[in-house]
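Atoms within a ligand are numbered from 1 in the order they appear, just like the ligands themselves.
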Amino acid sequence: MRVFNIGIIGYGGFGKFLHNAWEPLENVRVVAVADQNAAALQVQHGVKTFSDWRDLLREKDIDAIAIVTEPATHEEIATACMEAGKHVLIEKPLAISLTDAEKIIQTRDRMGTVAAIDFIMRFNPLLQAIQSFTQLGVFGKLRRADVENYAQDEQLPPEHWFWHPERSGGILIEHAVHFIDLVHFFAPAKILKVNGLKHNRNPQQEDQVMANVLYEGGLIATHYHSFARPGFFETTKIKLAYDLADIELQGWIPLGGTLKALVNRQTKQALLDSPFFELDDSTAIENASDESRPKGWGVSEIPGSSNRNTVRSGGIVYEVNEIVSGNFQMKQSKQEVYADCVRASLLDVLNKIENPECHLTASLETGLESLKVAVLATASARQSIASTMAVSAGE
Ligand SMILES: NC(=O)c1ccc[n+]([C@@H]2O[C@H](COP(=O)([O-])OP(=O)(O)OC[C@H]3O[C@@H](n4cnc5c(N)ncnc54)[C@H](O)[C@@H]3O)[C@@H](O)[C@H]2O)c1
(Lines give C-alpha, C1' and ligand atoms only; values in the text may rest on other atoms or scores of the structure.)
Protein backbone atom coordinates (compact mmCIF):
# COMPACT_ATOMS: atom_id res chain seq x y z
CA MET A 1 0.00 0.00 0.00
CA ARG A 2 1.38 3.37 -1.00
CA VAL A 3 1.28 5.93 1.82
CA PHE A 4 0.76 9.53 0.69
CA ASN A 5 2.30 12.49 2.48
CA ILE A 6 -0.13 15.38 2.66
CA GLY A 7 0.34 19.06 3.42
CA ILE A 8 -2.47 21.38 4.49
CA ILE A 9 -2.32 25.10 3.70
CA GLY A 10 -4.83 27.05 5.79
CA TYR A 11 -5.17 25.52 9.24
CA GLY A 12 -8.28 27.27 10.52
CA GLY A 13 -11.70 25.76 11.19
CA PHE A 14 -12.00 23.49 8.17
CA GLY A 15 -8.28 22.72 7.77
CA LYS A 16 -8.30 21.24 11.29
CA PHE A 17 -11.52 19.32 10.58
CA LEU A 18 -9.91 17.75 7.49
CA HIS A 19 -6.80 16.79 9.45
CA ASN A 20 -8.88 15.10 12.18
CA ALA A 21 -11.12 13.33 9.69
CA TRP A 22 -8.12 12.05 7.67
CA GLU A 23 -6.32 10.70 10.75
CA PRO A 24 -7.84 7.16 10.52
CA LEU A 25 -6.82 6.72 6.86
CA GLU A 26 -4.01 4.18 6.71
CA ASN A 27 -2.60 5.43 3.41
CA VAL A 28 -2.56 9.10 4.46
CA ARG A 29 -0.04 10.93 6.60
CA VAL A 30 -0.45 14.66 7.19
CA VAL A 31 3.19 15.70 7.46
CA ALA A 32 3.02 19.51 7.33
CA VAL A 33 0.63 22.38 7.80
CA ALA A 34 0.98 26.09 6.97
CA ASP A 35 -0.94 29.06 8.23
CA GLN A 36 -0.10 32.74 8.36
CA ASN A 37 -1.66 32.90 11.82
CA ALA A 38 0.87 31.52 14.32
CA ALA A 39 -1.93 30.85 16.85
CA ALA A 40 -3.53 28.42 14.40
CA LEU A 41 -0.38 26.27 14.24
CA GLN A 42 -0.86 24.17 17.36
CA VAL A 43 -0.35 20.71 15.90
CA GLN A 44 0.66 17.37 17.38
CA HIS A 45 4.25 16.19 17.39
CA GLY A 46 5.60 14.98 14.06
CA VAL A 47 3.80 17.50 11.86
CA LYS A 48 5.98 20.32 10.49
CA THR A 49 4.52 23.83 10.68
CA PHE A 50 5.15 26.82 8.45
CA SER A 51 3.97 30.39 8.77
CA ASP A 52 4.65 30.96 5.05
CA TRP A 53 2.97 28.42 2.76
CA ARG A 54 5.74 28.82 0.17
CA ASP A 55 8.13 27.06 2.55
CA LEU A 56 5.82 24.05 2.72
CA LEU A 57 6.09 23.68 -1.06
CA ARG A 58 9.83 23.06 -0.70
CA GLU A 59 9.16 19.85 1.28
CA LYS A 60 10.21 17.18 -1.22
CA ASP A 61 8.34 14.31 0.44
CA ILE A 62 4.89 15.96 0.15
CA ASP A 63 2.76 14.32 -2.54
CA ALA A 64 -0.45 16.34 -2.33
CA ILE A 65 -1.63 19.56 -0.72
CA ALA A 66 -5.05 20.56 0.54
CA ILE A 67 -5.71 24.28 0.07
CA VAL A 68 -8.02 25.40 2.85
CA THR A 69 -7.48 29.15 2.96
CA GLU A 70 -10.04 31.84 2.26
CA PRO A 71 -11.35 31.82 -1.34
CA ALA A 72 -9.48 34.81 -2.83
CA THR A 73 -6.14 33.07 -2.13
CA HIS A 74 -6.97 29.77 -3.86
CA GLU A 75 -5.65 30.74 -7.29
CA GLU A 76 -2.22 31.96 -6.16
CA ILE A 77 -1.66 29.05 -3.79
CA ALA A 78 -3.07 26.31 -6.07
CA THR A 79 -1.04 27.38 -9.09
CA ALA A 80 2.16 27.64 -7.00
CA CYS A 81 1.56 24.18 -5.51
CA MET A 82 1.08 22.60 -8.93
CA GLU A 83 4.09 24.47 -10.33
CA ALA A 84 6.08 22.87 -7.49
CA GLY A 85 4.85 19.49 -8.80
CA LYS A 86 2.32 18.85 -6.02
CA HIS A 87 -1.13 17.37 -6.55
CA VAL A 88 -3.91 19.50 -5.01
CA LEU A 89 -7.31 19.25 -3.38
CA ILE A 90 -8.74 22.78 -3.48
CA GLU A 91 -11.50 23.91 -1.16
CA LYS A 92 -14.62 25.38 -2.68
CA PRO A 93 -15.05 27.81 -4.29
CA LEU A 94 -12.40 27.02 -6.90
CA ALA A 95 -11.63 30.76 -7.02
CA ILE A 96 -13.59 33.98 -6.76
CA SER A 97 -13.37 34.88 -10.46
CA LEU A 98 -13.65 32.88 -13.66
CA THR A 99 -10.27 34.21 -14.81
CA ASP A 100 -8.60 32.84 -11.67
CA ALA A 101 -10.45 29.51 -12.01
CA GLU A 102 -9.30 29.18 -15.62
CA LYS A 103 -5.68 29.92 -14.59
CA ILE A 104 -5.87 27.04 -12.10
CA ILE A 105 -7.17 24.70 -14.81
CA GLN A 106 -4.48 25.82 -17.27
CA THR A 107 -1.79 25.22 -14.66
CA ARG A 108 -3.12 21.71 -14.02
CA ASP A 109 -3.03 20.99 -17.75
CA ARG A 110 0.48 22.40 -18.12
CA MET A 111 1.92 20.61 -15.09
CA GLY A 112 -0.02 17.34 -15.48
CA THR A 113 -0.86 17.23 -11.78
CA VAL A 114 -4.01 15.76 -10.28
CA ALA A 115 -6.29 18.53 -9.05
CA ALA A 116 -9.78 18.31 -7.57
CA ILE A 117 -12.23 20.55 -5.77
CA ASP A 118 -13.60 19.51 -2.38
CA PHE A 119 -17.28 19.18 -3.34
CA ILE A 120 -18.02 16.87 -0.46
CA MET A 121 -21.71 16.43 -1.33
CA ARG A 122 -20.67 14.33 -4.33
CA PHE A 123 -19.39 11.75 -1.81
CA ASN A 124 -22.54 11.57 0.35
CA PRO A 125 -23.96 8.05 -0.29
CA LEU A 126 -27.58 9.25 -0.06
CA LEU A 127 -26.97 11.97 -2.64
CA GLN A 128 -25.09 9.45 -4.79
CA ALA A 129 -28.16 7.19 -4.66
CA ILE A 130 -30.45 10.04 -5.69
CA GLN A 131 -28.04 11.00 -8.47
CA SER A 132 -28.10 7.43 -9.71
CA PHE A 133 -31.94 7.29 -9.62
CA THR A 134 -31.99 10.61 -11.50
CA GLN A 135 -29.55 9.44 -14.16
CA LEU A 136 -31.47 6.16 -14.62
CA GLY A 137 -34.74 8.06 -15.01
CA VAL A 138 -36.44 6.28 -12.08
CA PHE A 139 -38.39 9.46 -11.24
CA GLY A 140 -38.74 10.72 -14.81
CA LYS A 141 -37.24 14.01 -15.85
CA LEU A 142 -35.98 16.48 -13.23
CA ARG A 143 -37.77 19.77 -13.86
CA ARG A 144 -37.08 21.83 -10.78
CA ALA A 145 -34.55 22.09 -7.95
CA ASP A 146 -35.14 24.50 -5.12
CA VAL A 147 -32.60 25.09 -2.36
CA GLU A 148 -33.64 27.08 0.69
CA ASN A 149 -30.97 27.58 3.31
CA TYR A 150 -31.12 29.65 6.49
CA ALA A 151 -27.86 29.91 8.44
CA GLN A 152 -27.01 31.80 11.58
CA ASP A 153 -24.23 34.36 11.47
CA GLU A 154 -23.46 34.69 15.18
CA GLN A 155 -20.00 33.21 14.63
CA LEU A 156 -19.35 35.48 11.66
CA PRO A 157 -18.57 38.95 13.00
CA PRO A 158 -18.74 41.80 10.45
CA GLU A 159 -14.94 41.85 10.07
CA HIS A 160 -14.80 38.12 9.09
CA TRP A 161 -13.47 37.48 5.56
CA PHE A 162 -16.82 35.85 4.72
CA TRP A 163 -18.47 39.29 4.52
CA HIS A 164 -15.79 40.85 2.28
CA PRO A 165 -16.66 40.19 -1.38
CA GLU A 166 -13.04 40.79 -2.43
CA ARG A 167 -11.98 37.94 -0.10
CA SER A 168 -14.91 35.50 -0.28
CA GLY A 169 -16.70 36.49 -3.50
CA GLY A 170 -19.96 36.82 -1.55
CA ILE A 171 -22.38 34.16 -0.37
CA LEU A 172 -23.28 32.77 -3.80
CA ILE A 173 -19.62 32.22 -4.67
CA GLU A 174 -18.38 31.18 -1.23
CA HIS A 175 -21.28 29.02 -0.14
CA ALA A 176 -23.99 28.42 -2.76
CA VAL A 177 -21.50 26.76 -5.15
CA HIS A 178 -21.88 23.54 -3.10
CA PHE A 179 -25.61 23.41 -3.92
CA ILE A 180 -25.24 24.67 -7.48
CA ASP A 181 -22.78 21.83 -8.00
CA LEU A 182 -25.23 19.38 -6.43
CA VAL A 183 -27.80 20.24 -9.09
CA HIS A 184 -25.09 19.79 -11.75
CA PHE A 185 -24.21 16.44 -10.16
CA PHE A 186 -27.83 15.26 -10.30
CA ALA A 187 -28.62 16.48 -13.81
CA PRO A 188 -25.74 18.03 -15.76
CA ALA A 189 -26.99 20.32 -18.54
CA LYS A 190 -25.94 23.42 -20.41
CA ILE A 191 -26.56 26.65 -18.49
CA LEU A 192 -28.86 28.89 -20.55
CA LYS A 193 -29.72 31.79 -18.27
CA VAL A 194 -28.83 33.03 -14.77
CA ASN A 195 -30.02 35.91 -12.67
CA GLY A 196 -29.83 36.91 -9.04
CA LEU A 197 -31.07 38.97 -6.12
CA LYS A 198 -29.42 40.15 -2.95
CA HIS A 199 -30.07 42.16 0.16
CA ASN A 200 -27.52 44.16 2.14
CA ARG A 201 -27.99 44.54 5.88
CA ASN A 202 -25.49 47.39 5.68
CA PRO A 203 -22.99 48.49 3.01
CA GLN A 204 -20.57 45.70 4.03
CA GLN A 205 -22.85 42.74 4.77
CA GLU A 206 -24.77 41.18 1.89
CA ASP A 207 -26.75 38.71 3.98
CA GLN A 208 -29.52 37.31 1.74
CA VAL A 209 -28.88 36.12 -1.81
CA MET A 210 -30.68 34.24 -4.50
CA ALA A 211 -29.75 32.68 -7.84
CA ASN A 212 -32.16 31.49 -10.54
CA VAL A 213 -30.82 29.20 -13.24
CA LEU A 214 -32.39 27.85 -16.42
CA TYR A 215 -30.76 24.79 -18.01
CA GLU A 216 -31.10 23.33 -21.49
CA GLY A 217 -33.93 20.79 -21.38
CA GLY A 218 -36.02 22.92 -19.03
CA LEU A 219 -34.63 22.33 -15.54
CA ILE A 220 -35.08 25.50 -13.46
CA ALA A 221 -33.07 25.77 -10.22
CA THR A 222 -33.33 28.37 -7.49
CA HIS A 223 -30.89 28.86 -4.64
CA TYR A 224 -31.76 31.02 -1.66
CA HIS A 225 -29.22 31.53 1.13
CA SER A 226 -29.59 33.69 4.19
CA PHE A 227 -26.99 34.27 6.90
CA ALA A 228 -29.29 36.34 9.00
CA ARG A 229 -31.48 34.26 11.34
CA PRO A 230 -31.03 32.81 14.83
CA GLY A 231 -29.46 29.34 15.05
CA PHE A 232 -32.88 27.91 16.04
CA PHE A 233 -34.02 28.37 12.45
CA GLU A 234 -30.87 27.03 10.85
CA THR A 235 -32.28 24.77 8.11
CA THR A 236 -31.57 23.59 4.60
CA LYS A 237 -34.26 22.14 2.35
CA ILE A 238 -33.51 20.81 -1.10
CA LYS A 239 -36.69 20.17 -3.07
CA LEU A 240 -36.54 18.21 -6.29
CA ALA A 241 -39.58 18.03 -8.58
CA TYR A 242 -39.39 15.28 -11.20
CA ASP A 243 -42.10 14.27 -13.67
CA LEU A 244 -42.98 11.34 -11.41
CA ALA A 245 -41.73 12.30 -7.96
CA ASP A 246 -41.35 14.97 -5.34
CA ILE A 247 -38.30 14.67 -3.10
CA GLU A 248 -37.48 16.90 -0.17
CA LEU A 249 -34.05 16.51 1.44
CA GLN A 250 -33.23 18.00 4.81
CA GLY A 251 -29.99 19.42 6.10
CA TRP A 252 -26.90 20.91 4.52
CA ILE A 253 -25.25 17.51 4.92
CA PRO A 254 -28.46 15.72 3.90
CA LEU A 255 -29.05 12.61 5.99
CA GLY A 256 -32.63 12.00 4.97
CA GLY A 257 -35.75 13.23 3.26
CA THR A 258 -39.18 12.36 1.97
CA LEU A 259 -40.41 10.96 -1.32
CA LYS A 260 -43.77 10.74 -3.05
CA ALA A 261 -43.60 9.01 -6.41
CA LEU A 262 -45.53 7.37 -9.19
CA VAL A 263 -43.84 4.03 -9.86
CA ASN A 264 -44.09 0.92 -11.97
CA ARG A 265 -42.89 -2.52 -10.90
CA GLN A 266 -39.33 -1.89 -12.06
CA THR A 267 -38.87 1.58 -10.54
CA LYS A 268 -40.51 0.50 -7.26
CA GLN A 269 -38.06 -2.38 -7.04
CA ALA A 270 -35.14 0.02 -7.66
CA LEU A 271 -36.35 2.11 -4.71
CA LEU A 272 -36.84 -0.91 -2.45
CA ASP A 273 -33.32 -2.12 -3.28
CA SER A 274 -31.85 1.14 -1.97
CA PRO A 275 -30.44 0.82 1.57
CA PHE A 276 -31.69 4.35 2.32
CA PHE A 277 -35.34 4.04 1.32
CA GLU A 278 -38.22 3.00 3.57
CA LEU A 279 -41.66 2.62 2.09
CA ASP A 280 -44.48 4.09 4.21
CA ASP A 281 -47.46 3.76 1.93
CA SER A 282 -48.46 2.53 -1.52
CA THR A 283 -51.74 2.72 -3.42
CA ALA A 284 -52.62 1.12 -6.74
CA ILE A 285 -53.10 3.86 -9.29
CA GLU A 286 -56.74 2.86 -9.95
CA ASN A 287 -57.53 3.51 -6.26
CA ALA A 288 -55.52 6.72 -5.94
CA SER A 289 -57.37 10.00 -6.07
CA ASP A 290 -56.23 12.72 -8.42
CA GLU A 291 -57.80 15.91 -7.10
CA SER A 292 -56.25 18.27 -9.62
CA ARG A 293 -59.72 18.64 -11.16
CA PRO A 294 -62.65 18.82 -8.71
CA LYS A 295 -65.67 16.59 -9.35
CA GLY A 296 -68.01 18.03 -11.96
CA TRP A 297 -65.26 19.81 -13.85
CA GLY A 298 -66.36 19.59 -17.52
CA VAL A 299 -64.06 17.35 -19.54
CA SER A 300 -61.98 15.17 -17.21
CA GLU A 301 -60.74 12.50 -19.63
CA ILE A 302 -57.20 12.94 -20.92
CA PRO A 303 -57.61 13.03 -24.71
CA GLY A 304 -56.46 9.79 -26.28
CA SER A 305 -56.15 7.97 -22.98
CA SER A 306 -58.51 5.61 -21.27
CA ASN A 307 -55.73 4.01 -19.25
CA ARG A 308 -55.00 5.38 -15.77
CA ASN A 309 -51.59 3.71 -15.86
CA THR A 310 -50.49 6.17 -18.51
CA VAL A 311 -49.44 9.57 -17.20
CA ARG A 312 -48.16 12.52 -19.18
CA SER A 313 -45.72 15.09 -17.92
CA GLY A 314 -44.22 17.91 -19.94
CA GLY A 315 -44.97 16.03 -23.14
CA ILE A 316 -43.47 12.71 -21.97
CA VAL A 317 -45.63 9.60 -21.52
CA TYR A 318 -44.88 7.30 -18.57
CA GLU A 319 -46.34 3.94 -17.57
CA VAL A 320 -46.95 3.66 -13.81
CA ASN A 321 -49.18 1.52 -11.63
CA GLU A 322 -48.74 2.71 -8.04
CA ILE A 323 -48.26 5.83 -6.03
CA VAL A 324 -45.85 5.42 -3.11
CA SER A 325 -44.62 7.56 -0.28
CA GLY A 326 -41.70 6.98 2.02
CA ASN A 327 -38.49 8.23 3.54
CA PHE A 328 -34.83 8.32 2.73
CA GLN A 329 -32.71 7.93 5.84
CA MET A 330 -29.03 7.41 6.58
CA LYS A 331 -28.08 5.68 9.82
CA GLN A 332 -24.96 7.72 10.64
CA SER A 333 -24.82 11.10 12.36
CA LYS A 334 -24.07 14.32 10.49
CA GLN A 335 -20.55 14.33 11.98
CA GLU A 336 -19.90 10.78 10.70
CA VAL A 337 -21.26 11.46 7.22
CA TYR A 338 -19.33 14.74 6.93
CA ALA A 339 -16.07 13.05 7.99
CA ASP A 340 -16.72 10.10 5.62
CA CYS A 341 -17.29 12.56 2.76
CA VAL A 342 -14.03 14.44 3.32
CA ARG A 343 -12.15 11.13 3.56
CA ALA A 344 -13.72 9.93 0.31
CA SER A 345 -12.89 13.23 -1.38
CA LEU A 346 -9.18 12.92 -0.53
CA LEU A 347 -9.12 9.20 -1.43
CA ASP A 348 -10.56 10.08 -4.84
CA VAL A 349 -7.55 12.35 -5.48
CA LEU A 350 -5.09 9.70 -4.27
CA ASN A 351 -6.77 7.05 -6.42
CA LYS A 352 -6.38 9.31 -9.46
CA ILE A 353 -2.67 9.79 -8.65
CA GLU A 354 -2.19 6.01 -8.57
CA ASN A 355 -4.53 5.26 -11.49
CA PRO A 356 -4.39 8.19 -13.94
CA GLU A 357 -7.04 6.61 -16.16
CA CYS A 358 -9.63 6.84 -13.34
CA HIS A 359 -12.37 9.44 -13.41
CA LEU A 360 -12.25 12.19 -10.75
CA THR A 361 -15.56 12.65 -8.95
CA ALA A 362 -15.09 16.40 -8.38
CA SER A 363 -12.94 17.70 -11.23
CA LEU A 364 -11.86 21.32 -11.52
CA GLU A 365 -14.32 21.62 -14.42
CA THR A 366 -17.19 20.98 -11.99
CA GLY A 367 -15.76 23.78 -9.84
CA LEU A 368 -15.65 26.10 -12.85
CA GLU A 369 -19.23 25.26 -13.89
CA SER A 370 -20.75 26.03 -10.50
CA LEU A 371 -18.59 29.14 -10.20
CA LYS A 372 -19.97 30.36 -13.55
CA VAL A 373 -23.51 30.27 -12.17
CA ALA A 374 -22.46 31.93 -8.91
CA VAL A 375 -20.49 34.68 -10.68
CA LEU A 376 -23.31 35.44 -13.14
CA ALA A 377 -25.96 35.48 -10.39
CA THR A 378 -23.78 37.70 -8.20
CA ALA A 379 -23.22 40.17 -11.03
CA SER A 380 -26.95 40.23 -11.80
CA ALA A 381 -27.81 40.64 -8.10
CA ARG A 382 -25.44 43.59 -7.75
CA GLN A 383 -26.77 45.38 -10.83
CA SER A 384 -28.66 48.46 -9.73
CA ILE A 385 -32.29 49.00 -10.73
CA ALA A 386 -31.15 52.07 -12.66
CA SER A 387 -28.73 50.05 -14.82
CA THR A 388 -31.32 47.28 -15.35
CA MET A 389 -33.85 49.87 -16.53
CA ALA A 390 -31.21 51.36 -18.83
CA VAL A 391 -30.53 47.92 -20.37
CA SER A 392 -34.24 47.24 -20.91
CA ALA A 393 -34.70 50.71 -22.41
CA GLY A 394 -31.86 49.88 -24.83
CA GLU A 395 -29.55 52.65 -23.60
N1 LIG B 1 -16.01 21.73 1.71
C2 LIG B 1 -16.62 22.15 2.83
O3 LIG B 1 -17.55 21.51 3.32
C4 LIG B 1 -16.13 23.38 3.52
C5 LIG B 1 -16.55 23.69 4.81
C6 LIG B 1 -16.05 24.83 5.44
C7 LIG B 1 -15.15 25.64 4.77
N8 LIG B 1 -14.78 25.32 3.48
C9 LIG B 1 -13.83 26.17 2.73
O10 LIG B 1 -12.55 26.11 3.35
C11 LIG B 1 -11.87 27.36 3.18
C12 LIG B 1 -11.45 27.85 4.57
O13 LIG B 1 -12.60 28.02 5.38
P14 LIG B 1 -12.51 28.02 6.99
O15 LIG B 1 -13.90 28.03 7.46
O16 LIG B 1 -11.58 26.97 7.46
O17 LIG B 1 -11.86 29.46 7.25
P18 LIG B 1 -10.96 29.90 8.49
O19 LIG B 1 -10.90 31.38 8.46
O20 LIG B 1 -11.43 29.22 9.72
O21 LIG B 1 -9.53 29.29 8.14
C22 LIG B 1 -8.74 29.79 7.08
C23 LIG B 1 -7.29 29.74 7.54
O24 LIG B 1 -6.46 30.10 6.44
C25 LIG B 1 -5.42 30.95 6.93
N26 LIG B 1 -4.95 31.76 5.80
C27 LIG B 1 -5.66 32.67 5.09
N28 LIG B 1 -4.89 33.19 4.11
C29 LIG B 1 -3.67 32.61 4.21
C30 LIG B 1 -2.46 32.72 3.50
N31 LIG B 1 -2.35 33.56 2.45
N32 LIG B 1 -1.42 31.97 3.90
C33 LIG B 1 -1.53 31.12 4.96
N34 LIG B 1 -2.64 30.96 5.67
C35 LIG B 1 -3.71 31.69 5.30
C36 LIG B 1 -6.06 31.77 8.03
O37 LIG B 1 -5.10 32.28 8.94
C38 LIG B 1 -6.99 30.74 8.67
O39 LIG B 1 -6.38 30.07 9.76
C40 LIG B 1 -12.83 28.27 2.45
O41 LIG B 1 -12.56 28.23 1.07
C42 LIG B 1 -14.20 27.65 2.73
O43 LIG B 1 -15.16 27.93 1.75
C44 LIG B 1 -15.24 24.21 2.87
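Of the listed residues (F50, W53, Y11), the one carrying the non-hydrogen atom nearest atom 32 (N) of ligand 1 is W53.
Within the structure, ligand 1 lacks F162 among the residues with a heavy atom less than 4.0 angstrom away. Residue K16 places no heavy atom under 4.0 Å from ligand 1. Within the structure, ligand 1 lacks F119 among the residues with a heavy atom less than 4.0 angstrom away.
Y150 contributes atom OH, which lies 6.5 Å from atom OG1 of T235 (distance to the nearest 0.5 angstrom). We find the OG1-CD distance between T236 and Q250 to be 9.0 Å, quoted to the nearest 0.5 Å. Here the CG-CD1 distance, from D61 to I6, works out to 11.0 Å after rounding to the nearest 0.5 Å. Separation of atoms CZ (F119) and OG1 (T361) is listed at 13.0 Å; rounding is to 0.5 Å.
What sits closest to atom 28 (N) of ligand 1 on the protein, heavy atoms only, is Q36 NE2, 3.5 Å. The single protein non-hydrogen atom nearest to atom 16 (O) of ligand 1 is F14 N, 2.8 Å, given as residue, atom name and distance. Protein heavy atom at the shortest distance from atom 1 (N) of ligand 1 is E91 OE1, 2.9 Å. The protein atom (non-hydrogen) at minimum distance from atom 42 (C) of ligand 1 is E174 OE2, 3.2 Å. Among protein heavy atoms, the minimum distance from atom 21 (O) of ligand 1 is reached at G12 CA, 3.4 Å. Counting only heavy atoms of the protein, atom 22 (C) of ligand 1 lies nearest to V68 O, 3.7 Å. Among all non-hydrogen protein atoms, the one lying nearest atom 40 (C) of ligand 1 is T69 O, 3.5 Å. The protein atom (non-hydrogen) at minimum distance from atom 19 (O) of ligand 1 is W161 NE1, 2.8 Å.
Residue Y338 has at least one heavy-atom neighbour below 4.0 Å for each of these atoms of ligand 1: 2 (C), 3 (O), 4 (C), 5 (C). Interface of N37 with ligand 1, defined as ligand atoms under 4.0 Å from a residue heavy atom, comprises 37 (O). Set against the non-hydrogen atoms of H74, the atoms of ligand 1 under 4.0 Å away are 41 (O).
Ring centers of Y215 and H184: under 6.0 Å apart, within the cut-off.
For ligand 1, the polar-atom distance check finds an N/O of G13 within less than 3.5 Å of one of the ligand's N/O atoms. In terms of polar-atom proximity, A40 is not counted as a contact of ligand 1, lacking any N or O under 3.5 Å from an N or O of the ligand. Checking only distances, K92 does come within under 3.5 Å of ligand 1, N or O to N or O. Checked against a 3.5 angstrom limit, the closest N/O atoms of D35 and ligand 1 fall inside it.
Residues satisfying the side-chain contact (heavy atoms from CB on, under 4.5 Å) criterion with R382, sequence neighbours excluded, are P165, K198, E206, T378.
Within a 6.0 Å sphere centred on CD of E159, other residues, nucleotides and ligands contribute more than 12 heavy atoms.
Placement of I9 and V349 in two distinct hydrophobic clusters is found when ILVMFWY residues are connected by side-chain heavy-atom separations under 4.5 Å, directly or transitively.
For residues 357-367, every residue pair satisfying the salt bridge (charged side-chain N to carboxylate O under 4.0 Å, His left out) rule, not counting sequence neighbours, is listed here: R108-E365.
Ring geometry, H160 versus F162: the interplanar angle exceeds 60°, so the pair is classed perpendicular (tilted spans 30 to 60°).
Salt-bridge formation is not detected for the pair R229/E234: no Lys NZ or Arg NE/NH1/NH2 atom is positioned less than 4.0 Å from an Asp or Glu carboxylate oxygen. Comment: D207 engages R201 in a salt bridge, judged by a side-chain N to carboxylate O separation of less than 4.0 angstrom.
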